[in-house]
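Computed from a prediction, not measured in an experiment: that's the story for all the values here.
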Amino acid sequence: MKLDQVKAQAAARWAALGARERRLVLAAGLLLVVALVWWVGLQPALRTLREAPPRIAQLDEELRVMRGLAAESQQLKSAPTINQGQAVRALQAATERLGPAGRLNVQADQATLTLQSAPAEAVLGWLGEARSAGRARVVQAQLVRSGDGYNGTVVLALPGGGS
């Protein structure tokens, strides 16, 4: 069937409809157009407007955290270097604050912290102090969360070749 034939058939059917039936067909068509405009044009835009402020706040918070980490990184880069002996003393002091939950073992240019039922806040504080005061970096970590804290080991590389 050609397009001209389809148009002719549609015009003939339209002419055969009564006035009331034509109004119903036009109303249904108008309803269909309105629904299509809503689903394709308006609803996605309104959803974006509704979801944008919380997402922007979340991204702002992530940016603030990243800037803080960048500033901390720059501070650590510009901090004076320390020798391995100073790093070991800083790690030992931090480990003493863990109490019986932590034990430090130093061999050559690596230190291994063994944790047993260490509270999360204490582990986090120890890692921060190891990084800032001891200038040590984590090489390997095997931690398991147990009911009353963390168990496992953390291996750190110490600064400097030796002292």
Undergrad: Between Arg135 and Pro80, is there a donor-acceptor pair closer than 3.5 Å when you use the side chain of the first and the backbone of the second?
TA: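 Yes: the side chain of Arg135 pairs with the backbone of Pro80.
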
Undergrad: Hey, is the main chain of Trp126 close enough, under 3.5 Å, to the side chain of Glu129 for a donor-acceptor pair?
TA: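 Pair absent, no side-chain N/O of Glu129 close to backbone of Trp126.
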
Undergrad: Are Val138 and Val88 connected in a single hydrophobic cluster, I mean Ile/Leu/Val/Met/Phe/Trp/Tyr linked by side-chain heavy atoms less than 4.5 Å apart?
TA: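 Yes, Val88 and Val138 fall within the same hydrophobic cluster.
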
Undergrad: Measuring from atom CG of Leu36 to atom CG of Leu42, what distance do you get when rounded to the nearest 0.5 angstrom?
TA: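 Going from CG on Leu36 over to CG on Leu42, the span is 11.0 Å.
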
Undergrad: Are Val65 and Glu62 close enough that some pair of their side-chain heavy atoms sits under 4.5 Å apart?
TA: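 Val65 does not reach Glu62 side chain to side chain.
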
Undergrad: Say you draw a straight line from CD1 of Ile56 to CG of Asp60; how long is it, rounded to the nearest 0.5 Å?
TA: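 Between atom CD1 of Ile56 and atom CG of Asp60 there are 7.5 Å.
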
Undergrad: Going only through I, L, V, M, F, W and Y residues with side-chain contacts under 4.5 Å, is there a path from Val40 to Val33?
TA: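 No, Val40 and Val33 fall in different hydrophobic clusters.
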
Undergrad: Is Ile82 reachable from Leu127 through a run of I, L, V, M, F, W or Y residues, each pair having side-chain heavy atoms under 4.5 Å apart?
TA: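 Per the 4.5 Å side-chain linkage, Leu127 and Ile82 are not co-clustered.
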
Undergrad: Strictly distance-based, threshold 3.5 Å: is any side-chain N or O of Ser73 a donor or acceptor partner for the main-chain N or O of Leu69?
TA: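 No, the answer is negative, given that no donor and acceptor are paired below the 3.5 Å cut-off.
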
Undergrad: Within the supplied structure, the quantity of interest is the number of heavy atoms (other residues, nucleotides, ligands) at a distance under 6.0 Å from Arg103 CZ; does it exceed 12?
TA: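 Open: at most 12 neighbouring heavy atoms sit under 6.0 Å from CZ of Arg103.
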
Undergrad: So which residues get pulled into Leu17's cluster when ILVMFWY side chains under 4.5 Å apart are joined, directly or through others?
TA: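 In the cluster with Leu17 are Trp14, Val25, Leu26.
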
Undergrad: When you measure from the side chain of Gln142 to the backbone N and O of Val155, does any donor-acceptor pair fall under 3.5 Å?
TA: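 A pair under 3.5 Å: no.
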
Undergrad: Please set out all donor-acceptor pairs under 3.5 angstrom arising from side-chain atoms of residues 111-125, sequence neighbours excluded.
TA:
{"residue": "Ser117", "atom": "OG", "partner": "Asp148", "partner atom": "OD2", "Å": "3.4"}

Undergrad: Please say whether more than 12 non-hydrogen atoms of neighbouring residues, nucleotides or ligands are located less than 6.0 Å from CZ in Arg20.
TA: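 12 or below, so no.
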
Undergrad: Rounded at 0.5 Å granularity, tell me how far CD in Gln86 sits from CG in Asn83.
TA: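 That separation rounds to 4.0 Å.
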
Undergrad: Under a 3.5 Å threshold, yes or no: a donor from one side chain and an acceptor from the other, between Gln58 and Arg55?
TA: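 Present: a donor and an acceptor within the cut-off.
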
Undergrad: Please check if the number of heavy atoms outside Gln75 that lie under 6.0 Å from its CD is greater than 12.
TA: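 It does not: Gln75 CD has 12 such atoms or fewer within range.
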
Undergrad: How long is the straight-line distance from CG of Leu91 back to CD of Gln84, given to the nearest 0.5 Å?
TA: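 Atom-to-atom, Gln84:CD and Leu91:CG are 10.0 Å apart.
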
Undergrad: Using 0.5 Å steps for rounding, measure from the CD atom of Glu21 to the CZ atom of Arg13.
TA: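 Spacing of CD (Glu21) from CZ (Arg13) equals 13.0 Å.
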
Undergrad: Specify the closest pair of heavy atoms between Ala130 and Leu156, including all atoms of both residues, with the distance to one decimal.
TA: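 Here Ala130 and Leu156 meet closest at CB-CD2, 4.4 Å.
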
